[in-house]
Number of protein chains: 2
Amino acid sequence: MSRWGVLVLLALSEGTLRWGELRREVDGISEKMLASTLRTLEADGIVVRTSYPEVPPRVEYSLSPLGEELMQRMLPLVGWVAEHAEGIVEQQA
Amino acid sequence: MSRWGVLVLLALSEGTLRWGELRREVDGISEKMLASTLRTLEADGIVVRTSYPEVPPRVEYSLSPLGEELMQRMLPLVGWVAEHAEGIVEQQA
DNA sequence: CCGTATCCTTGAAGATACTG
DNA sequence: CAGTATCTTCAAGGATACGG
């Protein structure tokens, strides 16, 4: 799971989101990458996709129980990296 | 940091290792990837490289304090993934 | 023993356009 | 709204050979 996977999961860890919301939430992701990322995460059983047979179509994505477990372990790491990323980049100079 | 980065850090989280030991410990890594992975991790301040001016040359790699902090947050995640990876792959079928 | 240098392949990811 | 299709680019990574 790549950079985009983490960002998508991060967005979903705050609650269920629709396709369009995810596109806006995950900054800079292309439609192609969002689609393939979501398909992978769904195949892995980490994300649940629910589509409502309406017009216009509505599709919601949320974390599965497995996904919740995963994020519980991933959030501390992501937080730490976010805090230290700046310092790490600086130090390289 | 890629797959190799994680595996190298995982090996080093059990203690200091020499170049040759890392090559054997991290299964399947090429010399090129080990070199570039170590250079990146060192530049990031996560790994410390110590070379002893001896003949034959001896070089040791270990986690920096920053690296220790990082691994403290990464180990639970890695453990969880290791436990669930099999089930996730199965479920895809 | 501890790497560096080079060439090459392959897959990730961006851009763009289109559809049920 | 929620995607798919196609084309292209670019860098990660493998293979191999060599050097201090």
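Since we're looking at a predicted model, the values are computed, not measured. So you know, we letter chains A, B, ... as the sequences are listed, proteins then strands, and number each from 1.
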Please report the distance, rounded to the nearest Å, between CD in Glu54(A) and C1' in dG20(C).
16 Å
Donor-acceptor pairs under 3.5 angstrom involving side-chain atoms of residues 48-56 of chain B: please list them, not counting sequence neighbours.
| from | atom 1 | to | atom 2 | distance (Å) |
| --- | --- | --- | --- | --- |
| Tyr52(B) | OH | Glu60(B) | OE1 | 3.3 |
| Glu54(B) | OE1 | Arg58(B) | NE | 3.4 |
| Glu54(B) | OE2 | Arg58(B) | NH2 | 3.1 |

Does dC1(C) have OP1 or OP2 under 4.0 Å away from a side-chain N or O of Arg58(B)?
no
Whole Å only: how far is the CD atom of Glu21(B) from the C1' atom of dG3(C)?
16 Å
Chain B vs DNA chain D, heavy-atom contacts under 4.0 Å, first-to-last nucleotide span, 5' to 3', is dG13(D) to dG20(D)
The side chain of Arg49(B) is closest to which nucleotide in this list: dG3(C), dC1(C), dA13(C)?
dG3(C)
What's the CG-P distance between Leu38(B) and dC1(C), to the nearest Å?
17 Å
Atom CD of Glu31(B) to atom C1' of dC1(C): distance rounded to whole Å?
10 Å
State, yes or no, whether a side-chain contact exists between Val47(A) and Leu9(A) at a heavy-atom distance under 4.5 Å.
yes
Base, sugar-phosphate, or nothing for Tyr61(B), non-hydrogen atoms under 4.0 angstrom?
sugar-phosphate
Spacing between Leu17(B) atom CG and dC1(C) atom C1', to the nearest angstrom:
15 Å
Rounded at 0.5 Å granularity, tell me how far CG in Leu12(B) sits from CG in Leu7(B).
11.0 Å
Locate the shortest heavy-atom distance separating Asp44(B) from Leu66(B); write the atom from each residue and the value.
O-CD2, 4.0 Å
Select from Val59(A) and Lys32(A) the residue whose nearest nucleotide in DNA chain D is closer to the 5' end of that strand.
Val59(A)
Strictly below 4.0 Å: does Ser2(A) bring a side-chain N or O up to OP1 or OP2 of dA13(C)?
yes
To the nearest angstrom, the CE-C1' distance between Met33(A) and dG11(C) comes to 11 Å
Separation of dA13(C) C1' from Leu34(A) CG (nearest whole Å)
13 Å
Please classify the nucleic acid contact of Arg23(A) as base, sugar-phosphate, or nothing, using heavy-atom distances under 4.0 Å.
nothing
Kindly compute the distance separating CG (Leu17(B)) from CD (Glu25(B)), expressed to the nearest 0.5 Å.
5.5 Å
Of Pro57(A) and Ser36(A), whose closest DNA chain D nucleotide lies nearer the 5' terminus?
Pro57(A)
Under a 3.5 Å distance rule, please check whether Ser13(A) uses its side chain to pair with a backbone N or O of Leu10(A) as donor and acceptor.
yes
